[in-house]
There are 2 protein chains.
Amino acid sequence: MTETDPTQTKGFDRARQAASRALTEDYVEMISDLAAEFGEARITDLAARLGVAHPTATKAVARLKREGLAVSRPYRGVFLTEEGEAMAESVRARHRVVVALLRAVGVPDEVAELDAEGIEHHVSSRTLAAFEAYLTRKTD
Amino acid sequence: MTETDPTQTKGFDRARQAASRALTEDYVEMISDLAAEFGEARITDLAARLGVAHPTATKAVARLKREGLAVSRPYRGVFLTEEGEAMAESVRARHRVVVALLRAVGVPDEVAELDAEGIEHHVSSRTLAAFEAYLTRKTD
DNA sequence: ATAAAATTGTAGCCAAGGCTACATTCCGCA
DNA sequence: TGCGGAATGTAGCCTTGGCTACAATTTTAT
């Protein structure tokens, strides 16, 4: 029998949706990083950094363009829109907080950096706020 | 240009692999929970709890059987193998630690429970150990 | 200036996870 | 006992993210 308990399923649904958003966030963040480093994000560099073949990166960028997060012209670099830049900024900020929190509770630096990459996409705004508050307290 | 920096890509690869493992872990954990509650895990219950249609659960269970984590006979419940039970136990233990840590740093209970569902799959053994150590210190 | 190399685009395939629709089996109850 | 509803299985489709192979463009270097 077992009634469909919405409270129970909620968490799993969230986790699945987050998996999709994670890809977008990774690309947006990486495009922003590359733009900062080289002035523009090239498909090849994106693919290399994300560890995928270049057509995979091309497809992903097409999606970002569709969603209004990036723009690009054939055979040229990729650039973020204002909206994309904003997302990149918040993603980067969240990443920093997650890494800082992991370190604060005793996770070794290299491990913190690696695990944060996966964890950050599942940190809700409320949890993020709690992390920031904790770090502030600790710093005082 | 940009050389393929393995250190950079590592984190992303890990994140992607984790996404795949997460599904397995969710199913294994849920089968274990249902077994504890009802003595066996029914496909319908699994599907309902995980928020998917029943054929999706059927497919997933087929995969678990292929991987030696579960066994079942047609039109009967699903049961974990020893290996599956062991995975369920470690997954559950990790879940508890993650929730406890989130609470310990000030994340509200309901939020901690929800976010843990997504976060736990990205917590490496070293980070888990750090969490446990932190919780132990806090408790003293 | 132009050929070679690098980069990007495109086509088409695969696997995974999800779904609906329909077939089959099981089980409780009249 | 046997029938109807619930549970499970199966078929087939969709989407997504990944890949290889090959075509087109741009860059670089002679």
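Lettering of chains follows the sequences in order, A, B, ..., and the numbering in each one begins at 1. Keep in mind that the numbers below use all heavy atoms, side chains included, and drop hydrogens, waters and symmetry copies.
- A residue-by-residue look at A/Ile43 and B/Lys59 shows that A/Ile43 has its nearest nucleotide of DNA chain C further toward the 5' end.
- When the side chain to side chain donor-acceptor pair (under 3.5 Å) test is applied to A/Arg96, no partner is found at least two apart in sequence or on another chain.
- Of all the residues in residues 63-73 of chain A, not one reaches under 4.0 Å from DNA chain C with any non-hydrogen atom.
- Both A/Pro55 and B/Pro55 lie close to DNA chain D; mapped to their nearest nucleotides by heavy-atom distance, the more 5′-ward contact belongs to B/Pro55.
- Rounding to whole angstrom units, CG of residue A/Leu50 and C1' of D/dC19 are separated by 16 Å.
- In terms of the side chain to side chain contact (heavy atoms under 4.5 Å, CB included) criterion, residue partners of A/Ala116 (sequence neighbours excluded) are, by chain and number, A/His95, A/Val98, A/Val99, A/Leu102.
- If you take NE2 of B/His54 and C1' of C/dG17, they are 15 Å apart, rounded to a whole angstrom.
- B/Arg42 places none of its side-chain heavy atoms less than 4.5 Å from the side chain of B/Leu34.
- As a whole-Å value, the separation of A/Arg42 CZ from C/dA5 C1' is 13 Å.
- Listed by first and then second residue, the salt bridge (charged side-chain N to carboxylate O under 4.0 Å, His left out) pairs that reach into residues 67-78 of chain B are B/Arg63-B/Glu67, sequence neighbours excluded.
- Judged by distance alone, the side chain of B/Arg126 and the main-chain N or O of A/Val107 form no donor-acceptor pair under 3.5 Å.
- For A/Glu82, the side chain to side chain contact (heavy atoms under 4.5 Å, CB included) criterion is met by no residue, not counting sequence neighbours.
- Under the side chain to side chain contact (heavy atoms under 4.5 Å, CB included) criterion, B/Ser90 pairs with no residue at all, not counting sequence neighbours.
- Summarising the geometry, the separation between CG on A/Leu23 and C1' on D/dG18 is reported as 10 Å, rounded to the nearest angstrom.
- For A/Thr58 and C/dG9, the shortest distance from a side-chain N or O to OP1 or OP2 is below 4.0 Å.
- In this structure A/Lys65 satisfies the side chain to side chain donor-acceptor pair (under 3.5 Å) test together with A/Ser72, sequence neighbours excluded.
- Hydrophobic cluster membership for A/Val71: A/Phe79 (Ile, Leu, Val, Met, Phe, Trp, Tyr linked by side-chain heavy atoms under 4.5 Å, directly or transitively).
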Please list, pair by pair, any protein nitrogen or oxygen found under 3.5 Å from a nitrogen or oxygen in nucleotides 23-27 of chain D.
residue, atom, partner, partner atom, Å
D/dA24, N3, A/Tyr75, OH, 3.4
D/dT25, O4', A/Tyr75, OH, 3.2
D/dT26, O3', A/Arg76, NH2, 3.2
D/dT27, OP1, A/Arg76, NH2, 2.8

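- Checking the phosphate oxygens (OP1, OP2) of C/dG17, no side-chain nitrogen or oxygen of B/Thr56 falls inside 4.0 Å.
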